[in-house]
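Worksheet: one structure, shown below.
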Amino acid sequence: MNIFDSFNKSIIIGFLLKLKIYADNSLLFSMNIRKEKKSYSKKYRTWIGSSLIYRLLSYLDRALMSLEKFVFQSINKSVILSPFNKIINREKGDNGNINELLKHSIVYKFLSNYTYTDLLIFIPTAYVVVDYIVRRVSFLGPISSLWDELMLIFSFGVIVLARIFSGGRKKYNFTPMDLPIIIYIILGICHVLIKSPDLGIAIEGFRAVFQHIFWYFVATQLINSVKDSEKVMGLMTAIGLFLGLHSIYQYIAKVPMPGNWVDVGESITTRAFSIIGSPNILGVIFVLFIPIAFSMGITRKENKLRLFYLGSTLFMVAGLLLTMSRGAWLAFAFGVFIFILAFVPKLIIPFAGIVAAFILFGGTLSERLLYMLSPVYLMKSAAGGRLYRWEIGLDLWRKNKLFGLGLGRYGGAVAMNNNLTPFYLDNYYLKTLTEMGIFGIVGLGFVIICFVLFGINIIRRQKDLNTRILTIGLFSGCLGVLAQNFVENIFEVPAMIVYFWIAVALINTFAPKADTN
């Protein structure tokens, strides 16, 4: 039996796939691809066009557009509010812009290449930089822990205002991932109502898991084209380049590590952490950004841009290695494997050769990787490390199989802050299973499977090689993040949730227009 047979015969995976099949063939969630006579002429079709729920949501959206048109006309006719209409430039098209507001500004020449939607989405895209600055500027102290929430609310407010001032002409940008995410959020709300020994902690746990997922809905409304996506991918690369260069500097300067990040038996004295504060989280940022930068590099025609993106890729790879994060290395290898498998499968064998050479001749780096297989590491891990924590998590789940202990009660940041657990479980899926039981892990698994099928579907239907490569870069980076969640609580970090869901939103811009006839 090979690995694919084992995967297909897995009870949990089998259940989730059956759930997806039932959804595809149901009236509420039906999703199908209409096949034409020639395979290459298949039309891209998602459950947006055939799902009853999506049709109801579309009807609601049209009703809101009528209301927004009425509000806009009322503003135009209002004696008090009409002067403001001269200040706010009415949106045109899907993206809209407010460049008219900037014409008399001294920075207009710089900003004229960007719309307000670009500037709005650039803030969460630069999350790690913005967060670092906000937390270190004294007068911003009162909002240091709230700025991302305030920004999320502000973004939704801007989207609503943009719809109103479009005169009821701006539609909601529905995507195939809307429904799975909404279902998952509803399951989270239901779980709080069903299992919450302490309602305050349950709500705090819910916010930690679900709040930043809402950035996906913001991103899908602000990023509507491949051109918009490339701007965001460019900013991600620039941030990744800075983090890579800073990581190299830290390693050369032998900056002291602020935490106990190596075992006693290891000889490593320095691990790069840059402005992130954690080598493992810095590593997973590189796991997501490297495929994006590389895909941008090999699809650019201008030599300067190609040099920037490919050079940034090399610096980020160097930064990734210097984090000494084994989980990030393995996740990166998995992401590269997916990239090669989707792009040029023939390179799988050379890639395996490179991995083997790294393991055999990687010096200190390979020693750290191979240390995981040593009896000493396994013994220590079982005594008080990951294996020990995983076993405790599984024991607790076995006592509460269906609904778990409750959100925020074990293995994560909320539980640590409330003194309910002495450690992180270092496995986001096991943390979800422990806190939400089968109820929660099935919901999360459903979202992940929908994303994988959604991503593969879009990649398969790319007619242009460049857009295919860019989509593969985004998809493989996202899968790398999902892979690292097996050994870290990656989605406990707000920045990583935001980055992941922005990347998923970017993939959506490469989708062919759905055929809804």
Side-chain angles (χ1 to χ4, degrees), residues 1-10 13 17 39-40 233 237 240 283-300 306 309-310 312-321 323 325-363 365-366 368-370 372-373 448-449 451-487 500 503-504 506-507 510:
M1 180 184 296
N2 59 36
I3 188 172
F4 296 105
D5 292 333
S6 301
F7 181 84
N8 290 330
K9 293 182 180 180
S10 165
I13 297 298
L17 288 174
S39 59
Y40 62 79
M233 293 165 76
T237 302
V284 76
I285 290 177
F286 287 138
V287 168
L288 178 62
F289 285 7
I290 290 172
I292 292 174
F294 179 74
S295 64
M296 287 287 283
I298 62 177
T299 57
R300 300 303 94 182
R306 185 174 299 176
Y309 285 109
L310 294 181
S312 299
T313 301
L314 292 176
F315 283 116
M316 281 191 276
V317 170
L320 173 62
L321 294 175
T323 63
S325 174
R326 291 172 294 218
W329 292 350
L330 294 174
F332 175 67
F334 176 73
V336 173
F337 172 79
I338 296 298
F339 190 101
I340 294 174
L341 188 65
F343 184 36
V344 189
K346 293 180 180 179
L347 295 179
I348 290 295
I349 294 179
F351 171 67
I354 294 173
V355 173
F358 173 79
I359 294 174
L360 294 174
F361 308 108
L365 300 179
S366 62
R368 178 163 173 77
L369 189 61
L370 293 173
M372 290 192 305
L373 303 177
I448 292 174
I449 286 180
F451 163 68
V452 172
L453 297 179
F454 152 77
I456 292 174
N457 200 11
I458 290 179
I459 291 172
R460 286 174 55 200
R461 282 161 176 77
Q462 296 303 310
K463 296 180 180 180
D464 180 72
L465 179 61
N466 287 344
T467 58
R468 179 182 175 86
I469 293 172
L470 293 175
T471 311
I472 292 172
L474 288 163
F475 183 68
S476 59
C478 288
L479 288 185
V481 174
L482 293 176
Q484 194 166 344
N485 263 321
F486 280 104
V487 293
F500 177 84
V504 175
L506 296 181
I507 293 175
F510 293 88

Calculate, to the nearest 0.5 Å, the distance between atoms [atom1] and [atom2] belonging to [X] and [Y] respectively.
{"X": "L365", "Y": "L370", "atom1": "CG", "atom2": "CG", "value": "11.0 Å"}
{"X": "F337", "Y": "L347", "atom1": "CZ", "atom2": "CG", "value": "12.0 Å"}
{"X": "L320", "Y": "I285", "atom1": "CG", "atom2": "CD1", "value": "11.5 Å"}
{"X": "L314", "Y": "I290", "atom1": "CG", "atom2": "CD1", "value": "9.5 Å"}
{"X": "I507", "Y": "F451", "atom1": "CD1", "atom2": "CZ", "value": "4.0 Å"}
{"X": "T313", "Y": "F286", "atom1": "OG1", "atom2": "CZ", "value": "11.5 Å"}

> What pairs with L330 under side-chain contact (heavy atoms from CB on, under 4.5 Å), at least two apart in sequence or on another chain?
Replying inline: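 Result, side-chain contact (heavy atoms from CB on, under 4.5 Å) vs L330: L369, M372.
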Neighbour count >12 (heavy atoms, 6.0 Å) for atom [atom1], [X]:
{"X": "Y309", "atom1": "OH", "result": "yes"}
{"X": "F315", "atom1": "CZ", "result": "no"}
{"X": "I349", "atom1": "CD1", "result": "no"}

In the structure I gave you, are the side-chain heavy atoms of [X] and [Y] within less than 4.5 Å of one another anywhere?
{"X": "F500", "Y": "L482", "result": "yes"}
{"X": "C478", "Y": "L288", "result": "yes"}
{"X": "F289", "Y": "T237", "result": "no"}

> Taking all non-hydrogen atoms of both residues, which atom of A293 and which atom of M316 are closest, and how far apart?
Replying inline: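 Nearest heavy atoms, A293 then M316: CB-CE, 3.4 Å.
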[Y] backbone acceptor or donor facing [X] side chain under 3.5 Å:
{"X": "Q484", "Y": "G480", "answer": "no"}
{"X": "R300", "Y": "M296", "answer": "yes"}
{"X": "R326", "Y": "R368", "answer": "yes"}

Return all side-chain donor-acceptor pairs below 3.5 angstrom for residues 469-476, not counting sequence neighbours, or 'none' if the list is empty.
unit_1 : atom_1 : unit_2 : atom_2 : d
T471   : OG1    : T467   : O      : 2.6
S476   : OG     : I472   : O      : 2.9
S476   : OG     : G473   : O      : 3.2

> Who passes salt bridge (Lys or Arg N to Asp or Glu O under 4.0 Å) against R468, sequence neighbours left out?
Replying inline: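 R468 satisfies salt bridge (Lys or Arg N to Asp or Glu O under 4.0 Å) with no residue once adjacent residues are dropped.
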> Would W329 and V355 count as a side-chain contact (heavy atoms from CB on, under 4.5 Å) if you check the C-alpha gap in whole Å, the side-chain angles of each, and the deciding distance to 0.1 Å?
Replying inline: CA-CA 11 Å; W329 292 350; V355 173; over 6 Å; no
> Do the rings of F339 and F343 sit parallel, tilted or perpendicular, given the 30° and 60° boundaries?
Replying inline: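 Plane angle over 60°, so perpendicular.
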> Could you walk me through whether V452 and L479 pass the side-chain contact (heavy atoms from CB on, under 4.5 Å) check?
Replying inline: CA-CA 8 Å; V452 172; L479 288 185; 4.0 Å; yes
